Amino acid sequence: MKDEEERNNPHSFYGDMTKISRTSLIYENDLFPTAIAMIAELLRRESNFTVERKIENKIHVCCRETSILLIAILKAKNIPARARCGFTHAVSEIDGAGDHWIVEYYNETCKRWVLVDPTMCYDQETLDYFEIDYSLINIPRNKFIFAADAYLGLRKGKYKTEDIYSFPDPKRFGIKAAINELFYDFHSLMNNEILFCQSPKYLKDNNYELTDDEYIELDELAKLMLDPDKNFNKLLEIWNIQDKFRVMSGGMNV
């Protein structure tokens with residue numbers, strides 16, 4: 001019902017929703033998985049690349065795609081940038097923290113990595129609604145639960161199962177959600193932003209039911225990801241030798 005009301009809203013924050021075809025209201029993430037694909041489609045729909053773009057000529061994607069698009073722009077300007085994956089209360093529609101992708105770029109002036117959320121670009125009224133009281137272009141690190149923090153926090157009892165969830169229908173709660181996000185973040189750190197429909201095949205084949213040894217493997221991976229710059233060489237070594245972390249299931253690869 002809520003989706004239907006939004007669909008018929010001529011005064012939405014995004015523009016006149018009645019001008020968008022129903023086919024375009026379906027998420028188009030899988031159709032335009034890369035920055036090049038998104039830009040090409042945007043230019044096909046409307047040749048003027050401007051913020052004044054007509055709503056019917058926009059594409060309907062979410063946090064993964066907005067993040068990799070901003071990353072591409074930053075890299076084109078020689079600014080180091082990468083996607084980071086985890087959980088935040090800022091996008092949560094229920095109690096707990098929902099899964100989310102944001103951007104981390106290196107600020108040469110400040111000599112540190114800065115977190116930016118290119119998806120939650122709302123007006124003040126909407127920010128108030130979501131109770132966001134911090135800058136989305138300089139997110140405090142305690143306002144975002146990185147995937148490794150969520151996974152280890154669940155393993156150690158810092159978080160309860162209902163505290164962490166991912167958005168697919170049906171929602172995935174707790175350790176399964178954290179594991180999925182852990183691999184999104186690991187692949188992003190390796191400059192290989194996988195699709196939402198993808199996850200390691202060994203996980204899907206076993207319905208995320210892991211042995212003690214497999215949990216220990218993920219424990220070690222997550223600990224390294226708590227400080228990816230310091231531990232980058234070790235993470236790269238795991239990437240190069242641990243095939244099961246890279247063999248994906250999803251889409252054509254079942």
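Model, not experiment: these values are computed from the prediction.
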* **Polar side chain donor-acceptor pair, Tyr208 to Asn180, under 3.5 angstrom** => yes

* Scan side-chain atoms only and decide if Tyr215 and Asp219 contain a donor-acceptor pair under the 3.5 Å cut-off. => no

Does any non-hydrogen side-chain atom of [Y] lie less than 4.5 Å from one of [X]?
X	Y	value
Glu181	Asp185	no
Ser188	Trp101	yes
Ile179	Tyr151	yes
Gln242	Leu221	no
Leu210	Leu203	yes
Phe245	Tyr202	yes

* Could you walk me through whether Lys176 and Glu209 pass the salt bridge (Lys or Arg N to Asp or Glu O under 4.0 Å) test, one step at a time? => CA-CA 9 Å; Lys176 290 183 178 180; Glu209 300 297 332; 3.5 Å; yes

Looking at [Y] and [X], is there a salt bridge between them, counting it only when a charged N and a carboxylate O are closer than 4.0 Å?
X	Y	value
Glu237	Lys234	no
Arg141	Glu104	yes
Arg82	Asp229	yes

* To do: Grab the two heavy atoms, one from Ile139 and one from Val116, that are nearest each other, plus how far apart they are.
  =>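 Looks like CD1-C, 3.9 Å.
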
* To do: May I have all residue pairs that pass side chain to side chain donor-acceptor pair (under 3.5 Å) and include part of residues 62-76, sequence neighbours excluded?
  =>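 Residue pairs with at least one partner in residues 62-76: Asn29-Glu65, Thr66-Thr119, Lys75-Asn191.
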
* Can you check whether Ile145's main-chain N or O pairs, donor with acceptor, with Asp149's side chain at less than 3.5 Å? -> no

* Asked: What pairs with Lys54 under side-chain contact (heavy atoms from CB on, under 4.5 Å), at least two apart in sequence or on another chain?
  -> Glu46, Glu56, Asn57

* To do: Applying side-chain contact (heavy atoms from CB on, under 4.5 Å), name anything that partners Arg112, two or more places apart in sequence or on another chain.
  =>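 Partners of Arg112 by the side-chain contact (heavy atoms from CB on, under 4.5 Å) criterion, ordered by chain and then number, come out as Cys110, Val114, Asn138.
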
